Amino acid sequence: MALDITGRKLFVKALKEEGVDTIFLYPGGMITDITDELYKAEGINLVLGRHEQALVHEAEGYARATGKTAVVLVTSGPGATNTITGIADAYYDSIPMIIFTGQVPLHLIGNDAFQEVDIVGMTRSITKYGVTVRDRKDLGKIIKMGFQIAGSGKPGPVLIDIPKDIQTIAGDPEYPTHVDIRGYHPNETVHIGQLKKAYKLIKNAKKPLVLAGGGVRIAKAEDKLLEFAEKMQLPVTTTLMGKGVMPEDHPLFVGNCGMHGRFASNKALTECDVLFSVGTRFNDRITGDLEKFAPNAQIIHVDIASASISRNVAVDVPITADAYSALERLAEYAEGKDNGVWLDRIKGWEKEHPLAMPKNKMEICPQEVCQAISKIFPEANIVTDVGQHQMWASQFIKLNKGQEFITSGGLGTMGFGFPAAIGAAIGNPKKPVVLITGDGGFQMNMQEMAIAAGMGLPIIICIFNNTNLGMVRQMQTLFYGKRYSVTDLKASDGKFYPDFIRWAQAYDIQARRIDNPDMVEEALMDAKKDLKGPVLLEFLISPDDLVLPMVKGGTALSDMIIK
Amino acid sequence: MKNRWIALYVENQVGVLAKVSGLFSAKSYNLQTLTVGTTEREDVSRMTISVMADDVTFEQIKKQLNAMVEVIKVIDLTTIPIHMKELFYAKVYDLNEAGKTEVFQIAQVFDQGGNVTVADVGPDSALLQCMLTERRNNELITLLKSRFKKIQVVRGGAVAIESISTSCR
Ligand SMILES: Cc1ncc(C[n+]2csc(CCOP(=O)(O)OP(=O)(O)O)c2C)c(N)n1
């Protein structure tokens with residue numbers, strides 16, 4: 001029998017055996033034993049953030065850039081509660097992650113002890129699994145379960161709460177290689193009968209359409225999707241989270257759909273006769289008014305989570321499977337098909353209303369900045385915050401293979417972008433990251449500049465500064481009689497704070513303000529040249545620019561506001 | 001909307017009841033009753049749950065429950081033969097002799113082999129102990145309410161188990 005070891009030692013051993021190379025962490029009283037153990041450990045990069053919410057977003061960016069399960073470690077009480085927004089974000093965007101929280105010693109739980117909170121209870125509805133370790137002998141098993149659950153099936157965050165005494169008690173030194181979890185069986189098979197039924201529908205359709213979501217990326221099924229679509233000549237539209245799963249310069253790619261999707265995509269969704277959707281949960285931002293969503297279509301829905309199927313949209317052919325196994329089969333079945341008339345019709349819509357690009361302006365046009373970014377950084381990972389700039393990025397950035405588009409889709413969390421960009425850069429240090437963010441959202445986690453600058457991370461921070469909370473202002477412009485209630489971020493004297501350039505200088509990083517449309521490309525090229533650390537570019541844009549087309553929340557996709 | 005029944009096998013652990021009941025409140029599902037107790041295995045509990053739901057919502061509830069790591073098995077009791085009983089107590093107050101006699105008579109009428117009894121009597125009150133189906137219990141309570149001015153009811157929630165299937169009999 002091997003000698004017993006402390007919980008803290010087993011914790012580090014477990015992470016090493018899982019191949020964890022990075023922990024996003026912030027210390028505190030209830031994890032000092034673990035951080036002390038990590039001090040001695042080699043080969044694990046400890047990223048000390050500046051706020052626990054940001055840590056979780058950093059972990060999300062890391063997971064998206066690497067495909068690995070990210071690890072966060074925070075102390076009890078306020079350290080734990082600060083992670084909640086990040087956990088919810090990871091939950092709704094299916095990001096694999098384990099959040100370890102310190103907890104007061106077992107005998108103090110329930111006493112309202114100093115920095116005691118019921119973090120497992122608080123996060124129950126936004127974690128895939130959450131548990132407090134109540135017995136040292138279960139520690140290894142629970143950590144193993146955490147990794148198994150977070151990364152498999154529909155991925156998501158797992159929270160493991162470790163009381164202080166569990167960290168110091170000696171016990172079993174073994175870390176299991178596998179745990180049988182009797183209540184957890186992620187789907188690994190495909191129902192062939194259903195697939196054949198689906199194939200037949202698509203084969204016989206006159207106006208077939210593929211709707212691809214983030215599940216295709218998670219399952220790494222992009223190539224199979226392409227093969228299937230090409231063989232059968234199927235037009236493809238993507239959700240926000242699915243952006244990039246189809247090469248965006250491909251003739252079969254129609255564009256993003258949904259609230260700010262392309263005219264042609266939303267028209268195609270409305271008129272298609274067979275809709276093959278894969279890896280999407282039919283979020284309301286995608287469907288608009290459910291009664292009028294794809295009204296003429298028979299709908300096939302492939303999703304790894306059976307609970308996503310027939311929840312929002314009634315489905316004719318449900319298929320519980322991961323996107324890869326389903327698309328692989330379908331690509332095998334696929335035979336040539338002529339959809340020429342339908343494809344031409346879609347092209348006609350695109351011609352009728354291409355994405356609006358306001359021209360002949362003296363001011364910088366945000367859409368053009370996105371296009372320039374796309375052109376000058378064809379290999380960078382693109383990260384956005386939440387707001388108008390996010391939607392312009394989703395419309396005007398054309399992704400190439402190998403480029404990730406990292407954005408907060410399900411929760412729409414302002415403050416996500418900058419830390420996620422940091423995490424993506426840490427996960428993939430060779431790949432530059434372009435962050436597209438707003439003046440509002442950037443201020444929600446700008447304290448993380450300390451680590452971006454300190455680690456010299458290659459991030460080009462593009463702030464689209466319209467001195468307003470643009471996305472909300474747009475709703476006020478369109479639906480609230482231009483009553484701009486609490487969306488102007490300028491002070492009463494008309495000044496905007498902070499001066500981002502001087503602020504960046506405080507971190508010894510390059511920063512530049514661009515107010516001339518002719519300087520946009522040059523500024524981006526300059527930033528790209530021998531990129532050694534973060535660079536901040538502030539693009540001054542008008543608060544009156546709108547994201548179009550727009551489907552008003554709750555109305556039909558076909559009712560687009562175009563101008 | 002229909003009343004439906006599910007049985008769940010769950011891990012017998014801290015927080016599992018909160019997780020299951022939390023689903024119903026978080027998603028605005030209309031939970032009617034929930035009972036829970038241990039099984040022949042001490043690490044497994046079984047819940048009997050009844051909800052008011054339409055077909056689509058009910059399917060969704062089953063899937064959501066199935067997706068929980070702590071839920072080992074979901075059994076839809078709506079369409080299979082089951083045995084189901086609910087224990088409840090009713091105290092009837094302010095009784096004169098005639099009233100008491102009536103309580104005894106009611107017990108007799110509803111009783112099937114000892115599952116409705118008068119468990120206790122006082123000078124002007126009586127305690128009924130009943131173990132009937134939920135529907136029969138409802139009827140009994142309605143009757144008591146119409147006949148007596150003051151009653152106190154404590155219901156236990158239904159407990160159900162699948163019938164012994166004909167093939168095993
Ligand atoms: C944490 C959080 N709070 C509030 C909102 C609501 N909201 C959505 S977009 C937006 C405005 C964003 O403004 P900014 O960051 O300047 O970007 P812009 O829309 O101007 O591009 C707000 C307030 C949100 N999504 N997240």
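Here is how names work: the chains are called A, B, and so on, in the same order as the sequence lines, proteins then strands, and each is numbered from 1. Worth saying up front: this structure is predicted, and the values here are computed from it rather than measured.
The stretch residues 17-34 of chain B places B/Ala18, B/Lys19, B/Lys27 near chain A, each with some heavy atom under 4.5 Å from a heavy atom of that chain. Taking non-hydrogen atoms and a 4.5 Å limit, the residue list of residues 119-154 of chain B in contact with chain A is empty.
Between the OG atom in A/Ser306 and the CD atom in B/Gln60 there is a gap of 8.5 Å [rounded to 0.5 Å]. The distance from atom CD of B/Gln13 to atom CG of A/Asp138, rounded to the nearest 0.5 Å, is 8.5 Å.
Neither the backbone nor the side chain of A/Lys154 comes within less than 4.5 Å of any heavy atom of chain B. Interface residue B/Val69: backbone and side-chain heavy atoms are both found under 4.5 Å from chain A.
Crowding of A/Asp112 atom CG: a count of heavy atoms from other residues, nucleotides or ligands under 6.0 Å not exceeding 12. Shown here is B/Lys91, whose NZ atom has no more than 12 heavy atoms of other residues, nucleotides or ligands within 6.0 Å.
Heavy atoms only, all atoms of each residue included: B/Asp43 and A/Arg182 are closest at OD2-NH2, 3.1 Å.
Residues A/Thr132 and B/Val14 fail the side-chain proximity criterion, which asks for heavy atoms closer than 4.5 Å.
For chain A, the option among B/Lys73, B/Glu11, B/Gln64 with the highest count of heavy-atom pairs below 4.5 Å is B/Glu11.
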